[in-house]
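Okay, structure first, notes after.
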Amino acid sequence: MGHSQKVIDEVIEVVKKRDPQETEFHQAVLEVLGSLKPVIEKHPEFVKAGLLHRLVEPERMIMFRVPWHDDQGKIQMNRGYRVHFNSAIGPYKGGLRFHPSVNLGIMKFLGFEQTFKNSLSGLPIGGGKGGSDFDPKGKSDGEIMRFCQSFMNELYRYVGADVDVPAGDIGVGAREVGYMYGQYKRLTMLYNGVFTGKGLDYGGSLGRKQATGYGLLYFVQEMLKDNGKDVTDKKVIISGSGNVATYAAEKAQEMGAHVLAMSDSNGYVYDPEGIKLDTIKRIKEIERKRIKEYVQEHPQAQYYEGSKGIWTIKCDIALPCATQNELDEESAKILVTNGVWCLAEGANMPSTPEAIKTFKDNGLLFAPAKAANAGGVSTSALEMSQNSMRLSWTFEEVDAKLKDIMTNIYSRVSQAAAEYGRPGDLEVGANIAGFLKVANAMMAQGAV
Ligand code: NDP
């Protein structure tokens, strides 16, 4: 075994030993470091400077108590997190997730991924992530507001327009960002865009809501173009029915694809005539109900319990846009048997390592999350620019910049893959290109 591989294995071992229970974080570290051998071989100075050991340890991890009153007047308690992972190339930037599964390992995996994604975006933003094990499902508007205010009563100390700028993620949309931003303003008297994904009336950017989903399709389009294919008339399935899934579906339909199925954490709907997005938007964004309601209005569609079943539907392109590890080896094999030839990740780390191996072994066009879903954070950075300049761009301006950014990410990633002897392997390309910029910045800044 070469020296570089030994160094990488040693770092992975330290990570596992230090926090043995953080399995999602281990998985993310393994995925990135697994691609870095040729880079380490070329740059022995990184090893000498202990760079990999520093890279896998967050700069700072903040954990705090979030007490809040429910509608019965009872005090409830959740745990809040903010992980400041890496600020080598800019202020910490990354979403907040409210979901009962949230724990420190999940926050760290997301913050680690975010560091490389933000680097790939080409914009000056570092990596961070946060959230809470609070479950927004079934809570009243008042409960959501009181939770968000209490969460901010602590988090406000650690964020700032040039320090850390959070955004939304699972369970955090415009409503939650509004409540948190309002509380931040009360506490600090500052009107500086410390959140992105804000409402349009108070500093939000046109196009931010659509950005992750649209960006995913712009990336897919580039990848397909490079391989002599396109999206038009292709059969697409999209897991999830939240922010990313909805706008991925919208752009896919605009590009002429047939979106046949979408899901939530309870089950999925299959509509042979193509998913009617207006219905999905109303059910999920406005009424905050379950996706199974869809079939009440569209009797030609079928609803099935269990979200995993969505991967059994025959398609050309599959877009996992719900959550981590939602697509395992078994599902990957079914997809392949049914003829899928393109898989692009809208969610963060949605495919298990075994699923990714199945895709690669079968020659799929595979777009990894940290490149393919970078449109959201990139447009967040555009929101930050507009806030600093005290102006707002039109939807068309933002969308054109987003398209440009995704095209550039695709070429950066495919070039890196080719340069390091793995042409077409966008997973390796994304890891290497994302890593190099952060590593060079860390080297330049000394022992940070
Ligand atoms: P939303 O909360 O808007 O939507 C999440 C969707 O995924 C919902 O349909 C939800 O179903 C489903 N889901 C959540 N948890 C699970 C689970 N454990 N099993 C099955 N389905 C689940 O979140 P987003 O759309 O914002 O985020 C989706 C993914 O995209 C996440 O991985 C996120 O990190 C990633 N991402 C988001 C970005 C953004 O800009 N929002 C940017 C880049 C990445 P239900 O309603 O039943 O909970």
Side-chain angles (χ1 to χ4, degrees), residues 60-71 75-85 91-100 102 106-107 110-111 114 125-205 208-209 211-212 242-244 285 288 376-377 379-384 386-388:
R60 191 175 301 105
M61 291 178 272
I62 301 140
M63 289 170 64
F64 49 96
R65 177 165 74 194
V66 189
W68 55 279
H69 275 97
D70 67 17
D71 285 345
I75 298 179
Q76 301 284 346
M77 207 287 295
N78 288 94
R79 182 175 284 176
Y81 301 86
R82 189 70 185 164
V83 174
H84 286 169
F85 217 104
Y92 309 107
K93 180 90 201 84
L96 294 171
R97 176 177 290 189
F98 293 168
H99 193 271
V102 162
I106 290 183
M107 297 286 95
L110 289 164
Q114 194 82 47
I125 39 179
K129 199 80 190 189
S132 174
D133 57 4
F134 172 72
D135 186 358
K137 263 196 211 108
K139 301 292 188 297
S140 71
D141 227 38
E143 288 175 325
I144 298 279
M145 182 178 75
R146 291 192 294 277
F147 175 81
C148 288
Q149 292 179 335
S150 179
F151 184 82
M152 239 19 238
N153 283 347
E154 183 62 25
L155 188 70
Y156 86 98
R157 302 172 212 280
Y158 309 102
V159 296
D162 295 311
V163 180
D164 177 6
V165 183
D169 190 76
I170 292 178
V172 178
R175 172 180 61 166
E176 292 74 19
V177 167
Y179 292 150
M180 287 190 274
Y181 188 57
Q183 187 69 356
Y184 172 80
K185 218 156 42 61
R186 283 175 85 188
L187 291 165
T188 61
M189 292 207 301
L190 293 172
Y191 209 106
N192 55 13
V194 81
F195 270 88
T196 58
K198 298 187 290 296
L200 296 177
D201 296 322
Y202 59 96
S205 173
R208 172 61 188 93
K209 183 171 74 171
T212 311
N243 175 264
V244 179
E285 287 180 1
R288 296 180 191 276
V377 74
T379 307
S380 277
L382 300 179
E383 183 174 331
M384 288 164 74
Q386 293 169 76
N387 290 166
S388 307

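Atoms considered below: every heavy atom in the structure, side chains included; atoms not considered: hydrogens, waters and symmetry mates.
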**Passing option when Phe151 is tested against Trp68, Phe134, Phe98, Tyr181 for ring-ring contact (aromatic ring centres under 6.0 Å, His included)** =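 For Phe151, the ring-ring contact (aromatic ring centres under 6.0 Å, His included) test succeeds with only one of Trp68, Phe134, Phe98, Tyr181, which is Phe98.
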
**Within residues 127-137 or reaching into it, pairs that qualify as salt bridge (Lys or Arg N to Asp or Glu O under 4.0 Å) - sequence neighbours excluded** =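 Every pair satisfying salt bridge (Lys or Arg N to Asp or Glu O under 4.0 Å) with a residue in residues 127-137: Lys129-Asp169.
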
**Request:** For residues Val172 and Arg97, determine if any side-chain heavy atom of one lies less than 4.5 Å from a side-chain heavy atom of the other.
**Result:**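 The answer is no; the side chains never approach within 4.5 Å.
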
**Asked** Heavy-atom distance under 4.5 Å between the side chains of Gln76 and Glu143, does that happen here?
**Response**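 Not in contact.
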
**Prompt:** What pair of heavy atoms forms the shortest contact from Arg208 to Thr379, and how long is it?
**Reply:**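 Where Arg208 meets Thr379 most closely, the heavy atoms are CA-CG2, 3.8 Å.
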
**Item:** Minimum heavy-atom distance between Leu155 and Pro166, given as atom pair plus value
**Value:**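 Of all heavy-atom pairs spanning Leu155 and Pro166, the closest is CD2-CG, 4.5 Å.
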
**Message:** Please enumerate all residues that pass side-chain contact (heavy atoms from CB on, under 4.5 Å) together with Tyr179, with sequence neighbours excluded.
**Reply:**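 So Tyr179 forms a side-chain contact (heavy atoms from CB on, under 4.5 Å) with Asp141, Ile144, Met145, Cys148, Arg175.
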
**Item:** Contacts of type side-chain contact (heavy atoms from CB on, under 4.5 Å), residue Pro67, not counting sequence neighbours
**Value:**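 Expected list: Arg65, Ile75, Ser150.
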
**Ring centroid separation Tyr158 to Tyr92 under 6.0 Å** =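 No: the rings miss the under 6.0 Å criterion.
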
**All side chain to side chain donor-acceptor pair (under 3.5 Å) counterparts of Lys198, not counting sequence neighbours** =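 Checked Lys198 against side chain to side chain donor-acceptor pair (under 3.5 Å); matches are Glu383, Asn387.
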
**Request:** Could I get the full list of side chain to side chain donor-acceptor pair (under 3.5 Å) partners for Ser132, not counting sequence neighbours?
**Result:**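 If we apply the side chain to side chain donor-acceptor pair (under 3.5 Å) test to Ser132, skipping adjacent residues, there are no hits.
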
Enumerate, atom names and distances included, each donor-acceptor pair closer than 3.5 Å involving a side-chain atom of residues 185-192, sequence neighbours excluded.
from   : atom 1 : to     : atom 2 : distance (Å)
Arg186 : NH1    : Gln183 : OE1    : 3.3
Thr188 : OG1    : Tyr184 : O      : 2.8
Thr188 : OG1    : Leu190 : N      : 3.1

**Asked** Quick one: do Asp164 and Arg157 make a salt bridge, cutoff under 4.0 Å?
**Response**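 Salt bridge flag = no for Arg157 with Asp164.
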
